[in-house]
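In each ligand, atom 1 is the first atom listed, and ligand 1 is the first ligand listed.
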Amino acid sequence: MAKYIFITGGVVSSLGKGIIGASLGKLLRSRGFSVYIQKFDPYINVDPGTMSPFQHGEVFVTEDGAETDLDLGHYERFIDTDFSQLSNVTSGSVYQTVIQKERKGDYLGATVQVIPHITNEIKSRIIKAQKYSKSDFHIIEIGGTIGDIESLPFIESIRQFKTEVGYGNAINIHCTLLPYLPTSGELKTKPSQHSVNVLRSYGLQPEILVCRTSKPIPKNEKEKLSLFCAVSKDAVIECRDMKSIYEVPLALEEQNFANVVLKLLQTPEREVDLTEWKNLVNNINNPQKTIKIAIAGKYTKLSDAYISVVEALKHAGYANNAKVEIKWINAEDCSDETKCSEVLKDVSGVVVPGGFGVRGIDGKLAVIKYARENNLPFLGICLGMQCAVTEFARNVAKLSNANSTEFDENTPYPVVDLMLEQKNVEGYGGTMRLGAYECHINKNTKTFKAYNSTKIFERHRHRYEVNSDYLNTLKEAGLVFSGMSPDGMLAEIIELPELDWFVACQFHPEFKSRPNRPHPLFKGLIEAGLKQQQ
Ligand code: GLN
C-alpha cells in the first residue's frame with residue numbers, strides 16, 4: 001500500500017515547501033523507492049496558465065502538456081521523474097469538476113456542499129494519481145499558509161484522508177519559520193507553536209516539523225518545539241538557508257529526515273546512495289571558473305518568472321565546473337545598438353526566453369541583432385526564436401518590417417504567424433500547443449552535435465510558429481532549420497552555423513534540464529561562452 005506524505009506551511013508564505021518536498025522525494029528515491037508528487041493550489045484559477053508571471057512566477061509545463069505551478073519543476077529536477085496533469089490540482093479545477101457534475105445531474109438531487117462533495121473530489125484526485133503512478137510514496141504539497149480561508153477544503157480533505165488510510169499510512173509535515181531577533185540574539189519558536197495550534201484546530205496534528213532558519217536551532221529550542229507542538233524530538237528538523245538549493249537534501253539527510261519519515265510510515269529503512277548527488281554538490285561549491293550570461297526578458301524583476309531557465313543555465317555550468325552568473329536585462333532598456341553593446345559588453349552569452357505580448361520586443365530584436373553581428377553566444381527560446389527569425393528576416397533576408405502577427409497583424413511579411421490549429425481556438429485557458437512533441441534533427445548541424453540524436457521530444461507552450469511560406473526565403477538567406485516537426489511543416493530549431501553558438505528553439509528546453517544532466521542546448525551555449533573566454 002502507498003504511503004502518503006502531506007506537506008503544509010505555516011507562519012509565512014515562500015518558505016520553500018517545494019524544495020523541502022522535492023528534497024524528501026530525492027532522499028526516498030535514493031533509497032530505491034518510487035515517488036509521485038501532487039501540488040494542491042488553493043486559488044480559483046483552473047491552472048496557473050492564465051496568470052501573469054509577476055503573480056505566480058513561471059508556468060511549468062509537463063510532458064503531457066499541463067500548465068502547472070513552478071514547484072513541479074523543482075520536483076522533476078530533484079526526483080528526476082516526469083510528472084503529469086494529475087500532479088497539478090487547484091481549487092478552480094476541483095470546483096469546475098464538481099459544478100460540471102452538478103449540471104449533469106450526477107448528484108441526484110443532493111445539496112452540493114464543500115463537505116462532502118468538494119472534499120470527496122479532492123480525495124479522489126489523490127486516489128486517481130496513486131492508481132496511475134503506483135508509487136511507494138506519494139507526496140502532496142498544499143500551497144499557501146495555514147490559516148488561509150481558501151485552503152480549508154484541502155486541509156479538511158487531508159484530515160479525512162488520514163483517518164481513512166489509517167495510522168502509519170499518512171503523515172503531515174508542517175514547515176514553519178523560526179524568526180531570528182538580532183536584539184536578543186534568539187530564534188523565536190512562538191510563531192511555529194501558534195501555527196501548529198491553528199493546524200490542530202482543523203483536526204490535524206503534524207508528525208514532523210521542518211523549521212526554516214538562518215541560524216542553527218539550539219537544543220533547548222528544539223526541545224521546546226517538540227514539547228509544545230507534540231512532535232518527537234528527532235522529528236524537529238532544521239532547514240537552514242543554503243548556498244544552493246541542491247544542498248538541501250544532503251543537509252536533511254544528515255538529520256536523518258527520511259528515516260524519521262520511514263519510521264512514522266512503518267516502512268523498513270533501506271540503504272541510501274547519494275554519491276552522484278554529493279559529487280554534484282561538490283561541483284557546485286567548487287567551481288573553477290565563472291561565466292556571466294544575460295537573460296533579456298520582460299519579467300526580469302521577478303527571477304521566479306524564469307526559474308527553469310536559470311536552473312538550466314546553472315546545470316550547464318555545473319557540467320563545465322563553471323559558476324553561472326546571471327545578468328538580468330530588461331529588454332525594454334535595450335532598444336538601440338549603443339545601449340545593447342553597453343549592457344552586453346561584459347557577458348559571454350545571452351538568452352532571450354519565452355514570453356507574450358509586444359512590450360520589450362524591439363529590445364529583444366536589438367539584443368539578437370547584437371548577438372548575431374558580434375558572435376555572442378545566443379540561445380532563443382520560444383518567443384526568443386520567433387524574434388530571432390524576425391530579426392534575421394528583417395536584417396539579413398531584407399524583408400523590411402517583417403514581424404510576427406502577434407505584434408503586427410498588417411505586417412507585409414508575417415514570418416511568424418498563428419498556428420493553423422490555433423485560428424479557431426476560443427478562450428485562453430489550456431488552449432495553446434502544449435507539452436511534448438517530436439522533433440527531427442538534421443545531421444551536420446550544431447544542434448545535432450549537441451543532442452547526438454536525430455529524434456527528440458521537447459515541451460511546448462505557444463500559439464504562434466514560423467510561417468512555413470517563408471521557410472525557403474529564409475533558408476536561401478542562410479538560416480539553417482536544424483530541427484523540424486516530423487511532417488516537416490513546423491520549424492522547431494534554427495541555427496546560424498558560421499557563428500559559435502546561435503541557436504533558437506520553438507520549445508522550452510529548460511523544462512527538461514536536470515542538475516546532473518544539463519540540457520544539450522544550454523550546454524552548447526555555456527561551452528561556446530567558455531571557449532570564447534579562453
Ligand atoms: N507568444 C508566443 C506564442 O504564443 C511565444 C510563447 C512563448 O514564448 N511561450 O507563440
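- In this structure, a donor-acceptor pair under 3.5 Å is present between the side chains of D69 and H56.
- At the shortest separation from atom 5 (C) of ligand 1 among protein heavy atoms lies G355 O, 3.3 Å.
- Across A393 and V415, no two heavy atoms sit closer than the pair CB-CG1, 3.8 Å.
- Atoms of ligand 1 lying under 4.0 Å from any heavy atom of H508, numbered from 1 in the order shown and given with element: 9 (N).
- Close contacts of ligand 1 with G354, meaning ligand atoms under 4.0 Å from a residue heavy atom, involve 8 (O).
- For atom 7 (C) of ligand 1, the nearest protein heavy atom (residue, atom name, distance) is C382 SG, 3.0 Å.
- Checked against a 3.5 angstrom limit, the closest N/O atoms of G357 and ligand 1 fall outside it.
- Closest to atom 4 (O) of ligand 1, if we only count protein heavy atoms, is R463 N, 3.0 Å.
- Heavy atoms of other residues, nucleotides or ligands lying less than 6.0 angstrom from CG of L420 number 12 at most.
- Ligand 1 is approached by Q386 to a heavy-atom distance shorter than 4.0 Å.
- Results of the side-chain contact (heavy atoms from CB on, under 4.5 Å) test with S513 over E311, R77, K523, H519 single out H519 as the only residue that passes.
- Under a 4.0 Å heavy-atom criterion, M419 is not in contact with ligand 1.
- Summary of contacts: the protein heavy atom closest to atom 10 (O) of ligand 1 is Y464 N, 2.8 Å.
- Partner of R459 under the salt bridge (charged side-chain N to carboxylate O under 4.0 Å, His left out) criterion, chosen from E510, E76, E438: E76.
- Aromatic ring pairs are classed by plane angle as parallel below 30°, tilted from 30° to 60° and perpendicular above 60°; the pair H74 and F78 is perpendicular.
- Of all the heavy atoms of R461, the ones lying under 4.0 Å from any atom of ligand 1 belong exclusively to the backbone.
- Taking the side chain as every heavy atom from C-beta outward, V35 and S135 never approach each other to under 4.5 Å.
- Two rings, from H440 and F448, have their centers 6.0 Å or more apart.
- For E406, every heavy-atom contact with ligand 1 shorter than 4.0 Å involves the side chain, none the backbone.
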